[in-house]
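Ligands are counted one by one from 1 in listed order, and the atoms in each one are counted from 1 as well.
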Amino acid sequence: MNELNEPIFVTSPHLPPLDEFHEYLKDIWDRRWLTNNGLYHQKLEAALADFLGVKYLSLFSNGTLALVTALQALRITGEVITTPFSFVATTHSLWWNNIKPVFVDIESITYNLDPKKIEAAITPKTTAILPVHVYGNPCDVNKIKEIADNYGLKVIYDACHTFGVLIKGVPVLNFGDLSVMSFHATKVYNTFEGGAIVCHDEATKKRIDNLKNFGFIDETTVVTPGINAKMNEFQAAVGLLQLKYIENVVTQRKKITLEYRKRLSDIKGVNFIDDMNDVAHCYSYFPVFIDSKKYGRSRDELYEKLKMNNIFGRRYFYPLISQFPSYRGLDSAQPGEMRVAEKASREVICLPLFPTLRGCEIDRIVNTIQKFGNN
Ligand SMILES: *Cc1c(COP(=O)(O)O)cnc(C)c1O
């Protein structure tokens, strides 16, 4: 009976078989080349670029430092247009670069930055747009490109929720000037901690590589005050092994997502996002949006009820980034400025989603949601 009430967390990271990792560890111990573009680092950069269908990829110790460095690489300054409906690191990367974030509302279908509202937020100080492919669903990349081209702005995508996502067969990572990835433990593909910047030409790749290694271009020349954001051999070895299993991981996540959708579709007031046309998804999250009038309970009531049943969803993203003390004083952060994002933030719960989530656990989650509402 005990098993019936075992905790179910929002995620449970995928790991490769330990014995496979032992072999890599042995090799790393033998070589004693632990970081600074070692063999595993080189192999992983090549393997990931190949798997993801991108030209150049530079590995990082985590996604946040990759974001901070991406802004440095393009010398972004002044104001940057971004979304309040994301993980705080998106906006923190601007803060660390002394850039003023300008928040713009999101669309109600994809929960991504609304391109129709971008132009109104552009000022003479605007230099870039920093959109996020939230939950791995691609932004309206063509509209965003059109606006960026018209106004001479750079586009850096926070692609931390996407892994292998395609739009009409084209990798979503190939849009924008740069895309930034995270390989944190909670993401679809993880290296414990880790990240990457994707770019489209060799000169930019070189600049990014220099920036993540203190600005060194050779033994004695430092061309820029770079940072230390290098991925080490341990992380890279994990990454190479994880890549062997990623297709299974995504298949499993898709299966669970389809099951959730089937089982939740009859419950009044529980809404979710469907697959987008022409998109190959990575199923990184399964958010539901609670319409409290129809469901009969608020999102927070359901969130607490799930917790009481040992089911730990997460409210991604609540509060909005614009509501945190560091940002809430900005003009663009005032209540009422971002109605769609405010509503999403009030309604969302991400349900547990990971490859080893069992059918009986999905039953427990769905039954709890069903019994608690108006149905
Ligand atoms: C995870 C995440 C980050 C930060 O990545 P880390 O690797 O944890 O530093 C940034 N943006 C978004 C949208 C994320 O989900």
Side-chain angles (χ1 to χ4, degrees), residues 10-11 13-14 44 48 57-72 80-97 99 101 103-104 106 110-113 128-139 155-165 172-173 175-176 178-198 208 212 227-232 234-236 238-239 242 253 273 281-287 313-322 324 326-327 341 344-345 348 350 353-354:
V10 72
T11 195
H14 179 266
L44 185 59
L48 274 175
L57 179 146
S58 182
L59 291 169
F60 275 75
S61 50
N62 63 59
T64 303
L65 283 172
L67 275 167
V68 169
T69 307
L71 292 158
Q72 288 273 323
V80 169
I81 290 171
T82 190
T83 169
F85 195 66
S86 181
F87 182 60
V88 283
T90 310
T91 307
H92 283 355
S93 71
L94 298 171
W95 194 93
W96 278 81
N97 278 292
I99 294 164
F103 295 110
V104 163
I106 58 173
T110 62
Y111 300 89
N112 290 330
L113 197 58
I129 309 171
L130 177 60
V132 183
H133 303 295
V134 178
Y135 309 132
N137 295 318
C139 293
V155 179
I156 299 176
Y157 281 108
D158 179 332
C160 289
H161 291 184
T162 70
F163 194 87
V165 172
V172 70
L173 297 168
F175 293 92
L178 301 175
S179 289
V180 177
M181 309 181 74
S182 166
F183 309 143
H184 181 256
T186 54
K187 311 298 204 253
V188 171
Y189 167 89
N190 84 78
T191 59
F192 288 36
E193 295 262 7
I197 302 178
V198 168
I208 292 166
K212 78 177 180 193
I227 192 132
N228 179 4
K230 303 185 297 291
M231 179 181 273
N232 65 49
F234 184 94
Q235 292 169 288
V238 173
Q242 294 281 39
R253 299 180 82 99
I273 310 175
H281 290 276
C282 67
Y283 304 97
S284 42
Y285 297 88
F286 189 78
R314 292 297 295 270
R315 288 166 292 186
Y316 296 142
F317 295 100
Y318 166 81
L320 293 177
I321 303 176
S322 50
F324 288 114
S326 325
Y327 308 116
S345 180
V348 72
C350 286
L353 174 58
F354 49 88

Seminar exercise, completed: Taken to the nearest 0.5 Å, the spacing of F183 CZ from N62 CG works out to 11.5 Å

Exercise. Hey, is T64 touching ligand 1 through its side chain, its backbone, both or neither, going by heavy atoms under 4.0 Å?
Worked result: both

For this session: Return the set of residues passing side-chain hydrogen bond (donor to acceptor under 3.5 Å, both in side chains) with N97 (not counting sequence neighbours), or none when no residue passes.
Result: Q72

Problem set entry | Test item: side-chain donor near acceptor, T186 and H184, under 3.5 Å | yes

Exercise. Near G194, which atoms of ligand 1 are under 4.0 Å from a heavy atom of that residue?
Worked result: 7 (O)

For this session: Just do the ring-ring contact (aromatic ring centres under 6.0 Å, His included) check on F354 and H14 with the steps written out, would you?
Result: CA-CA 8 Å; F354 49 88; H14 179 266; over 10 Å; no

For this session: Would you mind running through ligand 1 and noting each atom that sits below 4.0 Å from a heavy atom of S86?
Result: 13 (C)

Exercise. Is the centre of the Y285 ring less than 6.0 Å from the centre of the Y316 ring?
Worked result: yes

Problem set entry | Distance under 6.0 Å and angle within 45° of ring axis: K212 vs F60 | yes

For this session: Verify the distance criterion only: is there a donor paired with an acceptor across the side chains of N137 and H281 at less than 3.5 Å?
Result: yes

For this session: Could you list the residues that satisfy side-chain hydrogen bond (donor to acceptor under 3.5 Å, both in side chains) with Y135, not counting sequence neighbours?
Result: none

For this session: Compute the shortest N/O to N/O distance between C160 and ligand 1 and return yes if it is under 3.5 Å, no if not.
Result: no

Exercise. N/O of E193 under 3.5 Å from N/O of ligand 1, yes or no?
Worked result: no

Exercise. Would you say D158 and ligand 1 have an N/O pair spaced under 3.5 Å apart?
Worked result: yes

Exercise. Is any N or O atom of S182, backbone or side chain, closer than 3.5 Å to an N or O atom of ligand 1?
Worked result: yes

Exercise. For ligand 1, is there an N or O atom under 3.5 Å from any N or O atom of H161?
Worked result: yes

For this session: Please report which non-hydrogen protein atom sits nearest to atom 2 (C) of ligand 1, along with the residue it belongs to and the distance in Å to one decimal place.
Result: K187 NZ, 3.0 Å

Problem set entry | Under 4.0 Å to a heavy atom of A89 - the qualifying atoms of ligand 1, by number | 4 (C), 10 (C)

Seminar exercise, completed: Atoms of ligand 1 under 4.0 Å from any heavy atom of T90, numbered from 1 in the order shown, are 11 (N)

